[in-house]
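The block underneath contains the structure these notes are about, expressed in structure tokens.
Hydrogens, waters and symmetry mates are skipped; everything else that's a heavy atom, side chains included, is used.
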Amino acid sequence: MARASKLMKLSTLLSMVVLCKAIESPQYAVVHEESDFEVRLYSQSTWVSARVREELSFAKATLLGFHRLFQYIQGANLNNSRIAMTSPIITSLVPGDGPLHSYAYVVSLYLPDKFQSDPPTPLPEIHLNPFEWDSHCVAVRKFSGFAIDEVIVKEADNLSFSLRRSPWANSTSSDSGYAYSVAQYSPPLQFIGRVNEIWVDIDVSGINSCKPGAVAAY
């Protein structure tokens, strides 16, 4: 009961943060579109991530990882800086033998433009890792509703099937170390019009239409 209460409080907290005002997102350009997915080129950007190993549930891992990220943006860093919330929250699955074929989860948050070049150092006790995400391509499938374990597995399979039937067949990349990622744009207490995405990394070598370069914001 205590654990369930904690997770509910974290959900409410996340809802309040996301709903508070318009927020920044990473920049990208759409380089290919199909009826059920698109390929985006994201520009180089700085993120901060929380690795979660002890949780088998995607939803619980996301909430626990975000709790540490929330502490960071509320001032748990060496500068005591308050950092604006951004969107989306990305949960990446590290391949392994778990129920979702995952060994661990990595929950990541994009840093606002103000902190892109000089991210505040997290306090050691919250175990976060600021990192630079190089310019890269991802295949993206949108889906609605709540991003729960059964749903994300189904949507990841759907994206994999679509890619196999497209010009991007055999172009997925494992360089990031992730099986796939789930991007969540909506706060947990939003029940209508939720926006989520499955992301799969694309290998850009030999693909003329997906190369690093100037990227327009969306």
- Message: Could you see if Phe131 belongs to whatever hydrophobic cluster contains Val138? Use Ile, Leu, Val, Met, Phe, Trp, Tyr and a side-chain cutoff under 4.5 Å.
- Response: yes
- Do the side chains of Val94 and Val106 get nearer than 4.5 Å, heavy atoms only? yes
- Item | Separation of Tyr180 OH from Leu159 CG (nearest 0.5 Å) | 10.5 Å
- So NZ of Lys142 and OG of Ser144: to nearest 0.5 Å the spacing works out to 12.0 Å
- Task: Measure across Ala59 and Asp149 and return the closest heavy-atom pair with its distance rounded to 0.1 Å.
- Result: N-OD1, 3.7 Å
- Measure across Arg53 and Ala104 and return the closest heavy-atom pair with its distance rounded to 0.1 Å. CG-CB, 4.0 Å
- From His127 NE2 over to Arg51 CZ, what is the distance, rounded to the nearest 0.5 angstrom? 13.5 Å
- Minimal heavy-atom distance between Glu38 and Arg40, with the atoms involved, is OE2-NE, 2.7 Å
- Arg141 versus Glu197: any side-chain heavy-atom pair under 4.5 Å? no
- Item | Under the side chain to side chain donor-acceptor pair (under 3.5 Å) test, residues paired with Ser108 that sit two or more places apart | none
- Task: Could I get the full list of side chain to side chain contact (heavy atoms under 4.5 Å, CB included) partners for Ala50, not counting sequence neighbours?
- Result: Arg68, Leu69, Leu128
- Task: Please name the pair of heavy atoms, one in Pro119 and one in Thr46, separated by the smallest distance, quoted to 0.1 Å.
- Result: CG-CG2, 4.0 Å
- Query: What closest approach, in Å, do Ala61 and Tyr105 show between heavy atoms, and which atom pair accounts for it?
  - Reply: CB-CD1, 3.4 Å
- Under 3.5 Å: donor-acceptor pair, side chain of Thr91, backbone of Val182: no
- side chain to side chain contact (heavy atoms under 4.5 Å, CB included) against Ser166, all qualifying residues, sequence neighbours excluded: Glu34, Phe37, Leu163, Trp168
- One should read off an interatomic distance between Thr62 OG1 and Ile148 CD1, to the nearest 0.5 angstrom, of 12.5 Å
- Are the side chains of Ile90 and Pro88 in touch, meaning some heavy atoms are under 4.5 Å apart? yes
- Would you sort out whether Phe70 and Leu109 count as a side chain to side chain contact (heavy atoms under 4.5 Å, CB included), showing the intermediate values? CA-CA 10 Å; Phe70 181 76; Leu109 187 68; over 6 Å; no
- Query: Under 3.5 Å, is there a donor-acceptor pair between the side chain of Asn196 and the main chain of Tyr185?
  - Reply: no
- Connected via hydrophobic side-chain network under 4.5 Å: Leu93 and Phe161: no
- Message: Suppose we screen for side chain to side chain contact (heavy atoms under 4.5 Å, CB included). Which residues come up paired with Pro112, at least two apart in sequence or across chains?
- Response: Glu24, Ile83, Ala84, Thr86, Phe115
- Task: Would you kindly confirm whether Tyr42 and Val30 end up in one hydrophobic cluster when ILVMFWY residues are joined by side chain heavy atoms under 4.5 Å apart?
- Result: yes
- Query: Between the side chain of Gln190 and the main-chain N/O of Ile192, is any donor-acceptor distance below 3.5 Å?
  - Reply: yes
- Do side-chain atoms of Ser186 reach the backbone of Val195 as a donor and acceptor pair under 3.5 angstrom? yes
- Task: Decide side chain to side chain donor-acceptor pair (under 3.5 Å) for Ser43 and Ser135; before the verdict, give the C-alpha distance in whole Å, the side-chain angles of both, and the deciding distance to 0.1 Å.
- Result: CA-CA 4 Å; Ser43 61; Ser135 180; over 6 Å; no
- Query: Donor-acceptor pair, Asn79 side chain versus Ser81 backbone, under 3.5 Å?
  - Reply: no
- Task: Give the C-alpha distance, both sets of side-chain angles, the deciding distance and a yes or no for side chain to side chain donor-acceptor pair (under 3.5 Å) between Trp47 and Ser49.
- Result: CA-CA 7 Å; Trp47 298 63; Ser49 66; over 6 Å; no
- Note on the structure: Those residues at least two apart in sequence (or on a different chain) that pass side chain to side chain contact (heavy atoms under 4.5 Å, CB included) with Leu78 are Thr121, Leu123
- Go through the structure and list residues passing side chain to side chain donor-acceptor pair (under 3.5 Å) with Ser162, not counting sequence neighbours. Asp36
- Item | Non-neighbouring partners of Glu132 that pass side chain to side chain donor-acceptor pair (under 3.5 Å), sequence neighbours left out | Gln44
- Note on the structure: ring pair (Phe, Tyr, Trp, His ring centres under 6.0 Å) filter on Phe146, not counting sequence neighbours, yields Phe191
- About how many Å separate OG of Ser57 and CG of Leu64, when rounded to the nearest 0.5 Å? 9.0 Å
- Message: Distance check, rounded to the nearest 0.5 Å: Tyr110 atom OH versus Ser45 atom OG?
- Response: 6.0 Å
- Message: Using the rule given for side chain to side chain contact (heavy atoms under 4.5 Å, CB included), can you reason through Thr172 versus Asp203, listing the C-alpha separation, both sets of side-chain angles and the distance that settles it, and then say yes or no?
- Response: CA-CA 6 Å; Thr172 57; Asp203 181 4; over 6 Å; no
- Message: Please evaluate residues His136 and Leu41 with respect to the criterion side chain to side chain contact (heavy atoms under 4.5 Å, CB included), reporting the C-alpha separation (whole Å), side-chain torsions for both, the decisive distance (0.1 Å), and the verdict.
- Response: CA-CA 6 Å; His136 62 286; Leu41 171 61; over 6 Å; no
- Task: Mind checking ring pair (Phe, Tyr, Trp, His ring centres under 6.0 Å) for Tyr72 and listing every partner two or more places apart, or none if nothing turns up?
- Result: none
- Any idea which heavy atoms bring Gly65 and Val107 closest together, and the distance? CA-CG2, 4.0 Å
- Message: Under the rule for side chain to side chain donor-acceptor pair (under 3.5 Å), what residues qualify as partners of Gln71, not counting sequence neighbours?
- Response: none
